[in-house]
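Handing you a structure now.
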Amino acid sequence: MNVTPATFETVSNAEPVGRWLVLVIRLPAQPSRHRVGVWRELRRIGALSLGQGVWAVPDVPVFADGIARALELTEAGEGHAVTLNASGRGPEDAARFQALFTAARSEDWTEFLSDCGKFEEELAKEIRIAKFTLAELEEEEQSLERLRRWHRDLTARDVFGASEAAEAGKRLKECAAACEDYAERVFAALHGTPEDDDR
């Protein structure tokens, strides 16, 4: 079969196939740290829990490292894992699976948006009480960096594009602008002239 540019374009623009990795994991009840470690790793990468010891992720490269770590932790805990390639029997199954995964990402984004609000409230409080110290600025910059890392992680695993993602990107920019404003106020308080204090 000859592959022409038109054929390539048709294939590359087609809807992605709903391929999933399903993990069935069994670990001894004790010590519980192994079960907790595997659970934490799978939650960290955004795996969808389908039932006790059964997890699923879209079969895309962004999840490969996390799946490998979960399998290593399972083996270290003297457990057993089976990894299956799966797809729905029909389009409605694939759509249902995608909807479940996207709903989980929506919950993650909602939590992220809530933390953006808390970050801005914290900055507003520091401005209100005029707490313009380097120590406080460093703490706020660390909080902003945590939000940035979290946003990167959520963006990477939100493979179907939850509706809250766009709002989250906007809110992160607003948080960065608020932190920059606070940094300028700290600089003015520590190095400025009396006129700077009248902002």
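Any value given below was found using the heavy atoms of this structure, including those in side chains, with hydrogens, waters and symmetry copies removed. Since the model is a prediction, treat every value here as computed from it, not as a measurement.
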Any salt bridge linking Arg152 with Glu145? Criterion: basic side-chain nitrogen under 4.0 Å from a carboxylate oxygen.
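Result for this pair is yes, salt bridge flagged.
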
Write down the atom of Leu48, the atom of Ala104, and the distance for their closest heavy-atom approach.
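Closest approach of Leu48 to Ala104: CD1-CB, 4.4 Å.
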
Do the non-hydrogen side-chain atoms of His34 and Pro28 ever get within less than 4.5 Å of each other?
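No - every pair of side-chain heavy atoms lies 4.5 Å or more apart.
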
For residues Ser49 and Val54, determine if any side-chain heavy atom of one lies less than 4.5 Å from a side-chain heavy atom of the other.
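No. Closest side-chain heavy atoms not under 4.5 Å.
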
Of all the heavy-atom pairs spanning Thr74 and Arg26, show the shortest one and how long it is.
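Answer, listing the atom of Thr74 first, then Arg26: CG2-O, 4.4 Å.
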
Are Asp181 and Arg185 close enough, and set up right, to give a salt bridge (Lys or Arg N to Asp or Glu O under 4.0 Å), and what steps lead you there?
CA-CA 6 Å; Asp181 175 66; Arg185 291 172 187 262; 2.9 Å; yes

Does a side-chain heavy-atom distance below 4.5 Å link Tyr182 with Phe187?
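Side chain of Tyr182 against side chain of Phe187, heavy atoms only: no contact under 4.5 Å found.
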
Atom CD in Glu41, atom CG in Leu71: separation rounded to 0.5 Å?
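Those atoms lie 10.0 Å apart.
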
Enumerate the residue pairs fulfilling side-chain hydrogen bond (donor to acceptor under 3.5 Å, both in side chains) with a member in residues 128-138, sequence neighbours excluded, ordered by first and then second residue.
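Every pair satisfying side-chain hydrogen bond (donor to acceptor under 3.5 Å, both in side chains) with a residue in residues 128-138: Lys131-Glu136.
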
Sequence neighbours excluded, every pair satisfying salt bridge (charged side-chain N to carboxylate O under 4.0 Å, His left out) that has a member inside residues 95-106:
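Every pair satisfying salt bridge (charged side-chain N to carboxylate O under 4.0 Å, His left out) with a residue in residues 95-106: Asp93-Arg96, Arg105-Asp108.
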
Rounded distance [0.5 Å steps], NZ in Lys173 versus SG in Cys175
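Separation between the atoms: 12.5 Å.
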
When rounded to the nearest 0.5 angstrom, what is the spacing between CG in Leu144 and CZ in Arg149?
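Answer rounded to 0.5 Å: 10.0 Å.
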
Which pair of heavy atoms, one from Cys116 and one from Leu172, lies closest together, and at what distance?
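Heavy-atom minimum between the residues: SG-N, 4.4 Å.
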
Out of curiosity, Cys179 SG to Glu184 CD, how far, rounded to the nearest 0.5 Å?
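Answer rounded to 0.5 Å: 10.5 Å.
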
What pair of heavy atoms forms the shortest contact from Gly37 to Leu73, and how long is it?
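Where Gly37 meets Leu73 most closely, the heavy atoms are O-CD1, 3.6 Å.
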
Considering only heavy atoms from C-beta outward, does the side chain of Arg146 approach that of Asp115 to under 4.5 Å?
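Yes, at least one pair of side-chain atoms sits under 4.5 Å.
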
Hey, are the side chains of Leu84 and Leu21 touching, using non-hydrogen atoms and a 4.5 Å cut-off?
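A side-chain contact under 4.5 Å is absent here.
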
Assess whether atom CD of Glu75 is packed by more than 12 heavy atoms of other residues, nucleotides or ligands within 6.0 Å.
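Counting neighbours around CD of Glu75, 12 or fewer heavy atoms of other residues, nucleotides or ligands fall under 6.0 Å, so no.
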
Leu154, Leu42: one ILVMFWY side-chain cluster at the under-4.5 Å cut-off?
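Cluster IDs for Leu154 and Leu42 differ.
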
Measure up the Phe160 and Trp20 rings against each other and bin them: parallel (under 30°), tilted (30 to 60°), perpendicular (over 60°).
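Taking Trp20 first and then Phe160, their aromatic rings sit tilted (interplane angle of 30° to 60°).
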
Euclidean distance, Glu72 CD relative to Ile67 CD1, rounded to 0.5 Å:
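If I round to the nearest 0.5 Å, the distance is 11.5 Å.
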
Rounded distance (nearest 0.5 Å) linking atom CG of Leu147 with atom NZ of Lys118:
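So the CG of Leu147 and the NZ of Lys118 are separated by 11.0 Å.
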
Tell me whether Leu134 is reachable from Phe132 by hopping between hydrophobic residues (I, L, V, M, F, W, Y) whose side-chain heavy atoms are closer than 4.5 Å.
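Yes, it is one cluster - the side chains of Phe132 and Leu134 are joined through contacts under 4.5 Å.
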
Given 3.5 Å as the limit, does a donor-acceptor pair link the side chain of Ser114 with the main chain of Thr110, or not?
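Side chain of Ser114 to backbone of Thr110: no pair is present.
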
Within the 4.5 Å heavy-atom criterion, are Ser143 and Glu122 side-chain neighbours or not?
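With C-beta onward as the side chain, the pair stays apart.
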
Do Glu121 and Lys125 make a side-chain contact, defined as non-hydrogen atoms from C-beta onward lying under 4.5 Å apart?
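When only atoms from C-beta onward are counted, Lys125 and Glu121 do not touch, as no gap falls below 4.5 Å.
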
Report the C-alpha separation of Glu120 and Arg171 in whole Å, then their side-chain angles, then the decisive distance to 0.1 Å, and conclude whether the salt bridge (Lys or Arg N to Asp or Glu O under 4.0 Å) test is met.
CA-CA 10 Å; Glu120 289 177 324; Arg171 295 287 286 128; 2.7 Å; yes

Looking at Glu140 and Phe119, what are the two nearest heavy atoms and their distance?
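For Glu140 versus Phe119, the nearest heavy atoms are O-CE1, 3.3 Å.
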
Greater than 12 external heavy atoms within 6.0 Å of Glu92's CD
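Yes - once you tally the heavy atoms of other residues, nucleotides and ligands closer than 6.0 Å, there are more than 12.
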
Could you tell me how the ring of Phe63 sits relative to the ring of Phe101: parallel (under 30°), tilted (30 to 60°) or perpendicular (over 60°)?
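Phe63 and Phe101: perpendicular rings.
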
Heavy-atom pair of closest approach, residues Leu27 and Gly79
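Answer, listing the atom of Leu27 first, then Gly79: CD2-CA, 3.7 Å.
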
Quick check: is Val159 connected to Leu23 through a chain of hydrophobic side chains (ILVMFWY, heavy atoms under 4.5 Å apart)?
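Yes, because Leu23 and Val159 connect within a single hydrophobic cluster, where side-chain heavy atoms sit under 4.5 Å apart.
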
Check the hydrophobic clustering (I, L, V, M, F, W, Y; side-chain heavy atoms under 4.5 Å; chains of links allowed) and say if Leu137 and Ile129 are grouped together.
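No, separate clusters.
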
Show every ring-ring contact (aromatic ring centres under 6.0 Å, His included) that has at least one partner inside residues 136-157, sequence neighbours left out.
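As it turns out, the ring-ring contact (aromatic ring centres under 6.0 Å, His included) pairs with a partner in residues 136-157, which skip direct neighbours, are Trp109-His151, Phe112-Trp150, Phe112-His151.
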
With a 4.5 Å cut-off on side-chain heavy-atom distances among I, L, V, M, F, W and Y, is there a chain of contacts connecting Ile45 to Leu50?
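Yes, it is one cluster - the side chains of Ile45 and Leu50 are joined through contacts under 4.5 Å.
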
